[in-house]
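Here the structure is a predicted model, which is why all the values come from computation and not from measurement. Numbers here are sequence positions counted from 1.
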Amino acid sequence: QVQLVESGGGLVQAGGSLRLSCAASGRTSSSYNIGWFRQAPGKEREFAAAISWNGEQTYYADSVKGRFTISRDNAKQTVYLQMNSLKAEDTAVYYCAAGPVLVVPSTYEYWGQGTQVTVSS
């Protein structure tokens, strides 16, 4: 079992930055790939970014590439999502999730409760 808790969401103006954190716990949490997903009001949840268990591989959706950076610190069991140049369309609830296959979002099996990010234009 892996438990995930997100933090760092909030209200920011367009063009601003936020850093989200995903704190993991559980005996094997550092052996899982971690992904960030988001869900805007009235829309389906979508993939944003993912990082391999050892931090050597990263994977981004085209919509965030070049603006968002995912990283992890396994000693702290924490994954970060640095979000720069935020746009109004980035407004969503952001979730982190853990799974065995980096580039297959449907395999992510453990989920946090989400953190709200609101970007004002």
Colleague: Are Y95 and L20 joined in one hydrophobic group, where the rule is that I, L, V, M, F, W and Y side chains link up if heavy atoms are under 4.5 Å apart?
Modeller: no

Colleague: Drop me the distance from C22's SG to W111's CH2, to the nearest 0.5 angstrom.
Modeller: 10.5 Å

Colleague: Just how far is it from atom CG of N54 to atom OG of S31, taken to the nearest 0.5 Å?
Modeller: 11.0 Å

Colleague: If you round to the nearest 0.5 Å, how far is CG of L102 from CD of Q57?
Modeller: 5.5 Å

Colleague: Can you see whether Y94 has R38 sitting over its ring - NZ or CZ less than 6.0 Å from the centre and within 45° of the normal?
Modeller: no

Colleague: Any donor-acceptor pair under 3.5 Å linking the side-chain atoms of S52 with those of N33?
Modeller: no

Colleague: In terms of hydrophobic clustering (I, L, V, M, F, W, Y; side-chain heavy atoms under 4.5 Å; direct or indirect links), are F47 and M83 co-clustered?
Modeller: no

Colleague: Do Y32 and Y80 land in one hydrophobic cluster if side-chain heavy atoms of ILVMFWY residues count as linked below 4.5 Å?
Modeller: no

Colleague: Is T78 reaching over with its side chain to a backbone N or O of K76, donor-acceptor style, under 3.5 angstrom?
Modeller: yes

Colleague: Check whether V2 and F37 end up in the same hydrophobic cluster, where Ile, Leu, Val, Met, Phe, Trp and Tyr are linked by side-chain heavy atoms less than 4.5 Å apart.
Modeller: no

Colleague: Any salt bridge between D90 and K87, counting N to O under 4.0 Å?
Modeller: no

Colleague: On the ring face of W53, is R72 found with NZ or CZ under 6.0 Å from the centre and within 45° of the axis?
Modeller: no

Colleague: How close do V101 and Y108 get, counting heavy atoms only, and between which atoms?
Modeller: O-CE1, 3.5 Å

Colleague: Do you reckon I51 sits in the same ILVMFWY cluster as V104, going by side-chain contacts under 4.5 Å, direct or chained?
Modeller: no

Colleague: Measure from the side-chain N and O atoms of Q82 to the backbone N and O of F68, and report whether any donor-acceptor pair falls under 3.5 Å.
Modeller: no

Colleague: Taking the side chain as everything from C-beta on, heavy atoms only, tell me whether R45 gets closer than 4.5 Å to P105.
Modeller: no

Colleague: Measuring from atom CD of Q113 to atom CD of Q3, what distance do you get when rounded to the nearest 0.5 angstrom?
Modeller: 12.0 Å

Colleague: Let me confirm one number: the OH-CG distance from Y110 to L4, rounded to the nearest 0.5 Å.
Modeller: 10.0 Å

Colleague: Can you give me the closest heavy-atom contact between A40 and A92, atom names plus distance?
Modeller: N-CB, 3.8 Å

Colleague: S120 and Q13: side-chain donor and acceptor closer than 3.5 Å?
Modeller: no

Colleague: Between Y59 and I70, does a side-chain contact (heavy atoms from CB on, under 4.5 Å) hold up when you go through it step by step?
Modeller: CA-CA 9 Å; Y59 178 46; I70 191 170; over 6 Å; no

Colleague: For the residue pair S85 and S17, what are the closest heavy atoms and their distance?
Modeller: N-OG, 4.4 Å

Colleague: To the nearest 0.5 Å, tell me how far C96 SG sits from I34 CD1.
Modeller: 6.5 Å

Colleague: Can you name the one residue among L18, L81, L11 that meets side chain to side chain contact (heavy atoms under 4.5 Å, CB included) with V117?
Modeller: L18

Colleague: For the backbone of T118 and the side chain of T91, can you confirm whether one donor and one acceptor N or O come within less than 3.5 Å of each other?
Modeller: no

